[in-house]
K.L.:
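Structure below; questions to follow.
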Amino acid sequence: MTSFDDEFDDDVAYDLVVRGGRVVTASDVIDCDIGVRDGRVVALAEHLDLGMREIDANGRYVTPGGVDGHCHLDQPTTDGSVSADDFESGTVSAACGGTTTVIPFAVQQAGMSLRESVQDYHARAEGKAVVDYAFHLIVNDPTEQVLGQELPALIKDGYTSFKIYMTYDDMKLNDHQILDVMAVARREGALCMVHAENADCITWLTDKLERAGMTQPEHHATSRPVPVEREATHRAITLSQLMDTPILIVHVSSGEAVEQIRWAQGRGLKIFGETCPQYLFLTEDDLRKPGFEGAKCLCSPPPRDKESQEVIWDALINGTFQVFSSDHAPTRYDDPKGKKIRGEEASFRYVPNGVPGIETRLPLLFSEGVLKGRIDINQFVALTSTNVAKMYGLHPRKGTIAVGADADLVIWDTGAPFRLDNARLHHNVDYTPYEGMELTAWPGVTVSRGEVVWSDGKPAGVPGHGRFLTCDTPDAARPKERFVSAFRPS
Ligand code: URP
Ligand code: ZN
Ligand code: ZN
């Protein structure tokens, strides 16, 4: 990387030129230079004039910065555990793994209005992020005030997606409440994200398992078997159909849930799907690791079996899933405010759910998907960036490399195998569930709005560079003709 002194300012046409890369979008691969001014792409051409700063990308893939549409950063909890990553460590980690936009969740907190919860979440982010961020909402108490005033007003203000839960005692909504919030989404043009697992079945099974003394982390998977996910997925689809409003089923783990989504899409229903690395690379055997170690891979829905992994790959390849997210849930392992909050003898019921993965999401899919020939590089860009930006109303500012788009770029180093270990990651979590995996791709340089935030193996982002983004109406929540062409399954 070279830069030129200020005295040359008048002669240079660009703040930054990324030279000679293989520039990839969701549809094309083009060999060209990228000219950046004021944080945006202003030129794409075979040969551009000098930039104040130059990055040699000769022959290397250059993709749009990743958009992580599902991650948890500094999210308040109700069980006494703490989020290991705040907006600084979480976004540094994102940048080092090629992600330049994150969308974590402003959860509706007990004793606060939804608006106050959003304000509180802004305060947590203020001045800390090194890459740009938007917020989803989490609606866990849909009161008349929330449904009638707060949610519509927040949607108008650019918080155009929200998550609802069909499980977790402190979060779950019943079907009546789900219809209520879906009605607001339909009327106001928002996207409803659904965590689909049947709460009553899980509680019933958990009670029985605990009475039988089966409380080790592996029984987390026993308590949340595939039919529990399948039933809730089908029910969410039914509620969405009744309300004629689009939904995104998040973190899909099993073949039977995929079947439900595929069935609905085949009938023309507005059902979208998301999956995450944990369902491609972990199985329930990882929950059986010696001692309490299985807690490191405990998430909901749980990882399944090898056969499910193949179905999840197929669903990524054939367009059933539109987005690939991390569901980064940063809980430390060896920490009394982390996975061991009630000690190693405690029931799986009390282990905070979720696995870290904000930094490994792109490299895992590039190595195992693109470089092993399962998906092409355009699909990689669509799943990790373009479709996500479209899904949440951030496209074309985010999610593509085009004149006028923000200059969020990743220049890839590929080919040289290395073993992943937690020491190379920048999150504040003391483990990675992918420890020891052999990878062959990692970002060499990440650029956020024209500024280098990761290069030469070192984080280079400045806290406060990351800006809050308001979201437009998600493509999926627009009238049908727009929606069909935006995410046509293959
Ligand atoms: O286990 C998970 N997925 N934890 C994070 C919270 C959620 O449900 O997405
Ligand atoms: Zn969830
Ligand atoms: Zn999540």
Side-chain angles (χ1 to χ4, degrees), residues 68-79 81-85 90 94 99 102-108 121 134-140 161-173 178 191-199 202 206 217 219-221 223-224 228-229 232-233 236 247-254 257 272-282 284 286-287 294-304 312 321 323-333 338-339 341 348-358 361 388 391-392 427 429 431 433:
D68 195 342
H70 184 161
C71 55
H72 304 272
L73 298 178
D74 203 2
Q75 188 175 310
T77 64
T78 51
D79 65 355
S81 67
V82 295
S83 167
D85 281 319
T99 288
V102 296
I103 318 182
F105 296 85
V107 61
Q108 186 181 5
Y121 207 48
F135 293 165
H136 305 295
L137 308 172
I138 291 177
V139 179
N140 54 36
S161 49
F162 58 83
K163 184 174 176 187
I164 57 168
Y165 288 79
M166 299 169 86
T167 184
Y168 299 142
D169 287 344
D170 54 341
M171 301 279 218
K172 67 182 181 204
L173 304 190
I178 294 175
L191 183 68
C192 179
M193 309 159 73
V194 184
H195 179 134
E197 289 184 295
N198 180 311
I202 294 166
T206 301
H219 293 298
H220 174 76
S223 75
R224 307 176 104 97
V228 160
E229 183 186 12
T233 302
I247 58 167
L248 172 72
I249 310 285
V250 294
H251 46 48
V252 176
S253 72
S254 68
F272 298 92
E274 172 203 80
T275 197
C276 315
Q278 44 272 40
Y279 306 116
L280 296 178
F281 305 116
L282 301 179
E284 58 185 307
D286 290 299
L287 296 173
K296 291 181 175 175
C297 298
L298 187 153
C299 57
S300 296
R304 307 293 183 185
I312 297 296
F321 296 133
V323 291
F324 184 72
S325 310
S326 70
D327 193 6
H328 179 73
T331 310
R332 290 172 68 83
Y333 175 68
K339 293 278 185 185
I341 186 145
F348 62 83
R349 185 201 290 259
Y350 302 110
V351 179
N353 281 205
V355 297
I358 204 164
R361 175 181 72 115
V388 194
M391 190 69 77
Y392 299 117
H427 59 192
V429 185
Y431 75 96

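Model, not experiment: these values are computed from the prediction. Just so you know, ligand 1 is whichever comes first in the structure, and atom 1 is the first atom listed for that ligand.
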K.L.:
Going by an N to O cut-off under 4.0 Å, is there a salt bridge joining Glu229 and Arg304?
P.N.:
yes

K.L.:
Is it true that the side chains of Thr99 and Asp68 contain a donor and an acceptor less than 3.5 Å apart?
P.N.:
no

K.L.:
Whether the Ser83 and Asp74 side chains hold a donor-acceptor pair (N or O, under 3.5 Å, no angle test) is what I'd like checked.
P.N.:
no

K.L.:
Distance to 0.1 Å, residue and atom name: give those for the protein heavy atom nearest to atom 1 (O) of ligand 1.
P.N.:
Ser300 N, 2.7 Å

K.L.:
Counting only nitrogen or oxygen atoms and a 3.5 angstrom limit, does Cys299 reach ligand 1?
P.N.:
no

K.L.:
Distance to 0.1 Å, residue and atom name: give those for the protein heavy atom nearest to atom 8 (O) of ligand 1.
P.N.:
His195 ND1, 3.0 Å

K.L.:
After noting the C-alpha distance and the side-chain angles of Phe162 and Leu191, does the key distance pass the side-chain contact (heavy atoms from CB on, under 4.5 Å) rule?
P.N.:
CA-CA 7 Å; Phe162 58 83; Leu191 183 68; over 6 Å; no

K.L.:
In the protein, what heavy atom is nearest to atom 3 (N) of ligand 1, and what distance, to one decimal place, separates them?
P.N.:
Asp327 OD2, 2.7 Å

K.L.:
Within the 3.5 Å criterion, strictly below it, is a donor on His220 or Ser300 matched to an acceptor on the partner's side chain?
P.N.:
yes

K.L.:
Is there a donor-acceptor pair closer than 3.5 Å between any side-chain N or O of Thr275 and the backbone N or O of His251?
P.N.:
no

K.L.:
Distance alone, cut at 3.5 Å: any donor-acceptor contact between the side chains of Asn353 and Tyr168?
P.N.:
yes

K.L.:
Under a 4.0 angstrom heavy-atom cut-off, which atoms of ligand 1 come close to Gly354?
P.N.:
1 (O), 2 (C), 4 (N)

K.L.:
Please walk me through it: do His72 and His328 pass side-chain hydrogen bond (donor to acceptor under 3.5 Å, both in side chains)?
P.N.:
CA-CA 6 Å; His72 304 272; His328 179 73; over 6 Å; no

K.L.:
Could you identify the single nearest non-hydrogen protein atom to atom 6 (C) of ligand 1 and state the distance to 0.1 Å?
P.N.:
His72 NE2, 3.5 Å

K.L.:
Considering only heavy atoms of Tyr165, which atoms of ligand 1 have at least one such atom less than 4.0 Å away?
P.N.:
7 (C), 8 (O)

K.L.:
Given side-chain contact (heavy atoms from CB on, under 4.5 Å), test Glu197 with Lys172 step by step and report yes or no.
P.N.:
CA-CA 10 Å; Glu197 289 184 295; Lys172 67 182 181 204; over 6 Å; no

K.L.:
Ignoring hydrogens and geometry beyond distance, is a side-chain donor-acceptor pair present between His427 and Asp85 at under 3.5 Å?
P.N.:
no

K.L.:
If you leave out waters, which protein N, O or S atoms are less than 2.8 Å from the Zn ion (ligand 3)?
P.N.:
His70 NE2, His72 NE2, Asp327 OD1

K.L.:
For atom 9 (O) of ligand 1, which protein heavy atom lies nearest, and how many Å away is it?
P.N.:
Lys163 NZ, 2.8 Å

K.L.:
Out of all atoms in ligand 1, which are within 4.0 Å of some heavy atom of His70? Include the element for each.
P.N.:
9 (O)

